[in-house]
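Here the structure is laid out as structure tokens; the discussion comes afterwards.
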Amino acid sequence: MASSLLLTLSAHHHHHRVHPYHHHHLHPPLSPNLYSLRTSAAAAGSKKRRRVTSISCGAEKISAGDRVISAACYLYPFLDGVQYGKYVLTQFPPFQLVLQPLLPAIRLFRASPFTGFLLFLTLYFAVVRNPSAFSRYVRFNTMQVIVLDVLLIFPDLLERTFNPRGGVGLDLLMSLDSTVFFFLLVSLIYGSTSCLLGQLPRLPIVADAADRQIL
């Protein structure tokens, strides 16, 4: 049954890239003591409101719904780049058993060459560019996985350009593909686990780029 994962990867070599400050007007002069008392009370009230607002925003960013949505997003680049694990899965069969629960999702994702591209458009325009519907926490994590997926263009281009059949070239290609696969796997585990725990995962290379895209 584990070999079906390799069959899925080899049967569908899929390339989707068609690629405050407020001014206040004072009333008639008050005595210094009374004015100081009123100012202190106003400052205390403002500070309390800011504290409540901050707590509410923090709770909103890590709500259960936000955690689940953000964690699920990290499946996107992994499913799109799982074919880079073909050498690892061949040489180390136990990895096939680890990924076996994801086999239905892999088959569904790779059923059409347009799945990845349509998912990219959906995540970017419906989530990242929709601050009224999704918190910044969800939009940042979504943008982070989008940037990671876009970076998969580079190993894809290298493989298409050189496509060695043997020798040192094939060894280098196997090393590159395996490195990409492990990076995607670690990103999936780290990103989704951090989100489920309510933490903010920051992936190397892509986190800063994702930050700049979030309004």
Side-chain angles (χ1 to χ4, degrees), residues 1-19 68-129 138 141-165 169-170 172-196 201 203 205-206 209-210:
M1 184 176 181
S3 61
S4 59
L5 180 59
L6 288 177
L7 293 176
T8 301
L9 297 183
S10 59
H12 305 280
H13 192 66
H14 153 73
H15 302 281
H16 78 280
R17 298 168 186 84
V18 182
H19 253 54
V68 173
I69 294 173
S70 299
C73 285
Y74 284 90
L75 279 170
Y76 170 47
F78 181 79
L79 295 177
D80 196 26
V82 70
Q83 72 271 9
Y84 293 108
K86 55 184 177 290
Y87 300 115
V88 174
L89 296 175
T90 301
Q91 296 178 5
F92 304 99
F95 270 104
Q96 298 181 35
L97 297 177
V98 173
L99 298 182
Q100 196 67 32
L102 295 178
L103 185 56
I106 294 173
R107 286 176 173 166
L108 180 63
F109 187 91
R110 305 173 75 80
S112 168
F114 301 105
T115 303
F117 182 63
L118 293 176
L119 188 55
F120 166 82
L121 294 178
T122 301
L123 291 176
Y124 185 75
F125 289 106
V127 180
V128 175
R129 294 302 179 188
V138 172
N141 282 289
T142 304
M143 190 66 225
Q144 190 164 229
V145 301
I146 289 176
V147 175
L148 178 57
D149 184 72
V150 169
L151 290 180
L152 293 179
I153 292 175
F154 296 105
D156 180 47
L157 288 176
L158 287 174
E159 188 169 333
R160 283 170 169 262
T161 302
F162 298 103
N163 195 24
R165 299 298 180 180
L170 181 59
L172 292 175
L173 177 62
M174 293 173 62
S175 297
L176 173 64
D177 282 6
S178 299
T179 300
V180 172
F181 173 74
F182 280 120
F183 185 76
L184 292 175
L185 180 60
V186 171
S187 297
L188 169 62
I189 296 173
Y190 165 66
S192 59
T193 302
S194 297
C195 289
L196 291 175
L203 301 178
I205 304 174
V206 303

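Summarising the geometry of T193 relative to I189, their closest heavy-atom pair is OG1-O, 2.6 Å, with the distance given to 0.1 Å. Residue C195 comes nearest to S70 through the heavy atom pair SG-CB, 3.5 Å, listed as atom of the first residue, atom of the second, then distance. Here the closest non-hydrogen pair linking P77 and D149 is CA-OD1, 3.9 Å. L196 and V68 get closest at one heavy-atom pair: CD2-CA, 4.4 Å. The shortest non-hydrogen separation linking V82 to F181 is O-CD1, 4.1 Å. Pairing each heavy atom of Y76 with each of G116, the nearest pair is OH-O, 3.3 Å.
For F183 and Y84, the gap between ring centers reaches or exceeds 6.0 Å.
Atom CG of N141 sits about 11.5 Å away from atom CG of L123, to the nearest 0.5 Å. Rounded to the nearest 0.5 angstrom, L148 CG and S187 OG are separated by 5.0 Å. Here the CG-SG distance, from L119 to C73, works out to 8.0 Å after rounding to the nearest 0.5 Å. A distance of 12.0 Å separates CZ in F182 from CG in D177, rounded to the nearest 0.5 Å. Atoms CG and CD1, on L151 and I146 in that order, are 12.0 Å from each other to the nearest 0.5 Å. In this structure, the separation between CG on L75 and CG on L184 is 11.5 Å, given to the nearest 0.5 Å.
For the pair L89 and L99, the minimum side-chain heavy-atom distance is below 4.5 Å. Contact of the Y190 side chain with the Y74 side chain is not registered, since no non-hydrogen atoms from C-beta on lie closer than 4.5 Å. L102 places none of its side-chain heavy atoms less than 4.5 Å from the side chain of F109.
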Would you please test F162 and L176 for side chain to side chain contact (heavy atoms under 4.5 Å, CB included) and show each step? CA-CA 13 Å; F162 298 103; L176 173 64; over 6 Å; no
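For Q144 (side chain) and G191 (main-chain N/O), no donor-acceptor pair under 3.5 Å exists by modelled atom type.
For F92, the CZ atom is loosely surrounded, since the number of other residues' heavy atoms within 6.0 Å does not exceed 12.
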